[in-house]
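On a predicted model such as this, the values are computed, not experimentally measured, just so you know.
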Amino acid sequence: MGMSVTISAATGQDAEQIFRLQYLCFQSEAALYGNYRIDPLVQTLDSVREEVAADCVFVARLGQEVVGSVRGRATEDGAASIGKLCVHPRLQGHGIGARLLRAAESSLVEERGAKRFRLHTGHRSESNLRLYRRVGYETVGTAEGTDGVPMIVLEKPAETYATTA
């Protein structure tokens, strides 16, 4: 790929690029479901800025360009939720998604004390499901998205990150 992709915590300056990238990446997801009101497409730039400030948000960069991102947030029940994973269409299939997930997971354990991770994806999103299962997530149930799309809920225990004393 010529240049290497780096993973780092997002800063406020990245919000606009994350916003644009998310809009681009989730078009194919919206097409899968014939639903262009899915959350990542209707989220406002201000809302992305708030998430970058409050949550564990990581970006993948190729030079100065943000080519991937993911969000994680701690929840009350100890299961941190991970979402809005996206990688630029021209860079998919290079393991960037898995690297972003790992970064979010380890940060959620170290900084937020997460005991397990939870994420969900649309029931037809085969490539997402493949990635999540490959990195250790298992289906724990289903849910309906706020947009009416049937979601598959997956979880993974966090002990894979336990530091050995």
**Q** In this structure, would Leu24 and Val42 fall into the same cluster of hydrophobic residues linked by side-chain contacts under 4.5 Å?
**A**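 Result: no, two separate clusters.
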
**Q** Residues two or more places apart in sequence or in another chain: which of them pass side chain to side chain donor-acceptor pair (under 3.5 Å) with Arg49?
**A**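 Scan of Arg49 (side chain to side chain donor-acceptor pair (under 3.5 Å), adjacent residues dropped) gives Asp46.
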
**Q** Give me the atom names and distance for the closest heavy-atom approach of Leu100 to Gly68.
**A**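 Smallest interatomic distance, heavy atoms only, reads CD1-C, 3.8 Å.
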
**Q** Listed by chain and number, what are the side chain to side chain donor-acceptor pair (under 3.5 Å) partners of Thr6, not counting sequence neighbours?
**A**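 If we apply the side chain to side chain donor-acceptor pair (under 3.5 Å) test to Thr6, skipping adjacent residues, there are no hits.
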
**Q** Assess the residue pair Arg37 and Val149 against the criterion (side chain to side chain contact (heavy atoms under 4.5 Å, CB included)); give the C-alpha distance rounded to whole Å, side-chain angles, the decisive distance to 0.1 Å, and a yes or no.
**A** CA-CA 10 Å; Arg37 303 289 304 157; Val149 171; over 6 Å; no

**Q** If you look at every heavy atom in Ala60 and Ile96, which pair is closest and at what distance?
**A**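 Taking Ala60 first and Ile96 second, the nearest heavy atoms are CB-CG2, 3.6 Å.
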
**Q** Under the 3.5 angstrom rule, does the side chain of Gln17 hit a backbone N or O of Val66 as a donor-acceptor pair?
**A**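 Yes; at least one donor-acceptor contact below 3.5 Å.
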
**Q** Rounded at 0.5 Å granularity, tell me how far OG1 in Thr142 sits from CE in Met151.
**A**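 Answer for the OG1-CE pair, Thr142 versus Met151, is 11.5 Å.
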
**Q** With side chains defined as the heavy atoms from C-beta onward, is the minimum distance between Leu154 and Leu129 less than 4.5 Å?
**A**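 When only atoms from C-beta onward are counted, Leu129 and Leu154 do touch, with a gap below 4.5 Å.
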
**Q** According to side chain to side chain donor-acceptor pair (under 3.5 Å), who are the partners of Asp39, at least two apart in sequence or on a separate chain?
**A**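 Partners of Asp39 by the side chain to side chain donor-acceptor pair (under 3.5 Å) criterion, ordered by chain and then number, come out as Lys84.
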
**Q** Are a donor atom and an acceptor atom from the side chains of Ser125 and Glu29 found within less than 3.5 Å of each other?
**A**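 Yes, a side-chain donor-acceptor pair sits under 3.5 Å.
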
**Q** Tell me every residue that passes side chain to side chain contact (heavy atoms under 4.5 Å, CB included) with Arg112, counting only those two or more places apart in sequence or in another chain.
**A**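 Cys56, Ala74, Leu108.
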
**Q** What residues, two or more places apart in sequence or in another chain, satisfy side chain to side chain donor-acceptor pair (under 3.5 Å) together with Gln92?
**A**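 Gln92 satisfies side chain to side chain donor-acceptor pair (under 3.5 Å) with no residue once adjacent residues are dropped.
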
**Q** Holding to salt bridge (charged side-chain N to carboxylate O under 4.0 Å, His left out), I want the full list of residues that pass it with Glu65, two or more places apart in sequence or in another chain.
**A**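 So Glu65 forms a salt bridge (charged side-chain N to carboxylate O under 4.0 Å, His left out) with Arg90.
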
**Q** Find the distance between CD (Gln27) and CD1 (Ile38) and round it off to the nearest 0.5 Å.
**A**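 Rounded to the nearest 0.5 Å, the CD-CD1 separation comes out at 8.0 Å.
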
**Q** For residues 131-138, tabulate all N or O donor-acceptor pairs below 3.5 Å that involve a side-chain atom, not counting sequence neighbours.
**A**
{"residue": "Arg133", "atom": "NH2", "partner": "Thr139", "partner atom": "OG1", "Å": "3.0"}
{"residue": "Tyr137", "atom": "OH", "partner": "Glu105", "partner atom": "OE2", "Å": "2.6"}

**Q** Enter the distance from Ile82:CD1 to Phe117:CZ here, rounded to the nearest 0.5 Å.
**A**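 So the gap between those two atoms works out to 6.0 Å.
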
**Q** Considering residues at least two apart in sequence or located in another chain, which fulfil the side chain to side chain contact (heavy atoms under 4.5 Å, CB included) criterion with Ser8?
**A**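 With sequence neighbours excluded, Ser8 shows a side chain to side chain contact (heavy atoms under 4.5 Å, CB included) to Val59, Arg61, given in chain and number order.
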
**Q** Would you please test Leu101 and Leu119 for side chain to side chain contact (heavy atoms under 4.5 Å, CB included) and show each step?
**A** CA-CA 11 Å; Leu101 268 177; Leu119 45 78; 4.0 Å; yes

**Q** For Ala103 and Ile7, work out which heavy atoms get closest and say how close.
**A**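 Reported closest heavy-atom pair: CB-CG2, 3.8 Å.
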
**Q** Does one hydrophobic cluster hold both Leu85 and Val109, with members joined at side-chain heavy-atom distances below 4.5 Å?
**A**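 As far as the 4.5 Å side-chain criterion goes, Val109 and Leu85 are connected within one cluster.
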
**Q** Can you list everything that forms a side chain to side chain contact (heavy atoms under 4.5 Å, CB included) with Asp77? Sequence neighbours excluded, please.
**A**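 Side chain to side chain contact (heavy atoms under 4.5 Å, CB included) check on Asp77 returns Thr75, Ala79, Arg116, Arg118.
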
**Q** Please find the pair of heavy atoms, one from Cys25 and one from Val87, that lie closest to each other, and give the distance.
**A**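 Where Cys25 meets Val87 most closely, the heavy atoms are SG-O, 3.3 Å.
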
**Q** Working to the nearest 0.5 Å, report the span between NE2 of His88 and CZ of Arg20.
**A**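 That separation rounds to 10.5 Å.
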
**Q** Going by side chain to side chain contact (heavy atoms under 4.5 Å, CB included), name the residues that satisfy it together with Thr11, two or more places apart in sequence or in a different chain.
**A**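 Once residues adjacent in sequence are excluded, the partners of Thr11 under the side chain to side chain contact (heavy atoms under 4.5 Å, CB included) criterion are Gln13, Asp14.
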
**Q** Of all heavy-atom pairs between Val70 and Gly83, which one has the smallest distance, and what is that distance?
**A**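 In this case the closest contact between Val70 and Gly83 is CG2-O, 3.7 Å.
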
**Q** Rounded to the nearest 0.5 Å, how far apart are CZ of Arg71 and CD of Gln22?
**A**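 These two atoms lie 4.5 Å from each other.
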
**Q** Which residue pairs satisfy the ring pair (Phe, Tyr, Trp, His ring centres under 6.0 Å) criterion with at least one member in residues 6-44, sequence neighbours excluded?
**A**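 Non-adjacent pairs meeting ring pair (Phe, Tyr, Trp, His ring centres under 6.0 Å): Tyr33-His123.
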
**Q** So which heavy atom on Ser69 is nearest to which on Leu21, and how close?
**A**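 Shortest heavy-atom separation between Ser69 and Leu21 comes out as N-CD2, 4.1 Å.
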
